[in-house]
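Comments concern the structure below.
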Amino acid sequence: QVQLVESGGASVQAGGSLRLACVASGYTSSSPCMGWFRQAPEKEREWVARIKRGDGSAVYSDSVKGRFTLTEDNARNTVYLQMNSLKPDDTAMYYCAAGPVLWGGYCSSRPDSYDTWGQGTHVTVSS
């Protein structure tokens, strides 16, 4: 069973940067899709970015494209989310998730396609 632990959340000012990390342990080969999601108070969980482990090619939501970068370090079973040019709208609890590939071999952006979640790490961006 895969377990995920996020870290790196903090309070920063607008325009600043943070790097979140998600360390995966357990039978990770069964869950090659890794995604980052976020949830602000009283809002639905929002997909941020995803990657198929070993693929090296990340996909981003329009709201973070050009500012966030998802990378993987397979030797450490870790995925990172580098967040630059942060805005107050980026304030949320950030979650790492793992899940299987879907038919066709691709990873989904839907939260219900991921079966393992970390506990979350909080990011606050002040103006």
Side-chain angles (χ1 to χ4, degrees):
Q1 185 175 351
V2 179
Q3 293 181 323
L4 304 173
V5 178
E6 305 99 328
S7 62
S11 296
V12 297
Q13 291 201 327
S17 298
L18 284 174
R19 189 177 78 156
L20 306 183
C22 173
V23 180
S25 61
Y27 191 52
T28 58
S29 60
S30 66
S31 300
C33 295
M34 300 295 294
W36 282 99
F37 295 80
R38 64 187 182 186
Q39 189 165 17
E42 301 181 357
K43 291 190 176 180
E44 292 188 354
R45 192 162 293 191
E46 173 191 14
W47 168 68
V48 175
R50 71 175 192 268
I51 192 169
K52 183 178 177 182
R53 296 183 64 178
D55 186 279
S57 179
V59 183
Y60 303 92
S61 68
D62 288 344
S63 61
V64 306
K65 194 177 298 181
R67 299 188 298 122
F68 290 12
T69 304
L70 193 164
T71 57
E72 58 177 337
D73 182 343
N74 287 325
R76 292 181 170 83
N77 270 342
T78 302
V79 293
Y80 301 97
L81 187 68
Q82 177 67 42
M83 306 188 297
N84 299 330
S85 302
L86 283 162
K87 306 174 182 179
D89 283 350
D90 295 318
T91 295
M93 184 72 81
Y94 283 72
Y95 297 92
C96 174
V101 294
L102 303 183
W103 291 107
Y106 71 95
C107 297
S108 173
S109 301
R110 293 172 55 94
D112 58 8
S113 295
Y114 292 78
D115 50 22
T116 302
W117 293 80
Q119 82 289 350
T121 186
H122 200 267
V123 172
T124 300
V125 184
S126 57
S127 57

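Excluded from the calculations below are hydrogen atoms, water molecules and symmetry mates; all remaining heavy atoms, backbone and side chain alike, are included. Small disclaimer: the values here were computed from a predicted structure and weren't measured.
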Would W36 and M83 count as a side chain to side chain contact (heavy atoms under 4.5 Å, CB included) here? Give the steps.
CA-CA 12 Å; W36 282 99; M83 306 188 297; over 6 Å; no
Salt bridge (Lys or Arg N to Asp or Glu O under 4.0 Å), that's the test. Do D90 and K87 meet it? Break it down for me.
CA-CA 5 Å; D90 295 318; K87 306 174 182 179; over 6 Å; no
Going through the checks in order, is the side chain to side chain contact (heavy atoms under 4.5 Å, CB included) test met by Y60 and T69?
CA-CA 8 Å; Y60 303 92; T69 304; 3.7 Å; yes
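Note that NZ of K52 and CD of E72 are 11.5 Å apart. Values are rounded to the nearest 0.5 Å. To the nearest 0.5 Å, atom CG of residue L20 and atom OG1 of residue T78 are 12.5 Å apart. Here the straight-line distance linking atom CG of L4 with atom SG of C96 works out to 4.5 Å at 0.5 Å rounding. Put simply, CG on D55 and CE on M34 are 14.0 Å apart, with the number rounded to the nearest 0.5 Å.
Screening residues 88-111 for ring pair (Phe, Tyr, Trp, His ring centres under 6.0 Å) gives no qualifying pairs among residues at least two apart or on separate chains. Identified under the disulfide bond (SG atoms under 2.5 Å apart) test for residues 34-80, with sequence neighbours left out: none.
Looking only at side-chain heavy atoms (C-beta outward), V64 and R38 come within less than 4.5 Å of each other. Using a 4.5 Å heavy-atom cutoff, the side chains of Q3 and T116 are not in contact. Taking the side chain as every heavy atom from C-beta outward, V59 and W47 approach each other to under 4.5 Å. Looking only at side-chain heavy atoms (C-beta outward), R53 and N74 come within less than 4.5 Å of each other.
Residues passing the salt bridge (Lys or Arg N to Asp or Glu O under 4.0 Å) test with D112 are R110, sequence neighbours excluded. Listed by chain and residue number, nothing satisfies the salt bridge (Lys or Arg N to Asp or Glu O under 4.0 Å) test with K43 (two or more places apart in sequence, or in another chain). Remark: R19 pairs with no residue by the salt bridge (Lys or Arg N to Asp or Glu O under 4.0 Å) rule, at least two apart or across chains. Scanning for salt bridge (Lys or Arg N to Asp or Glu O under 4.0 Å) contacts around D73 gives R76, with sequence neighbours left out.
Using cut-offs of 30° and 60° on the angle between ring planes, the pair W117 and F37 is tilted.
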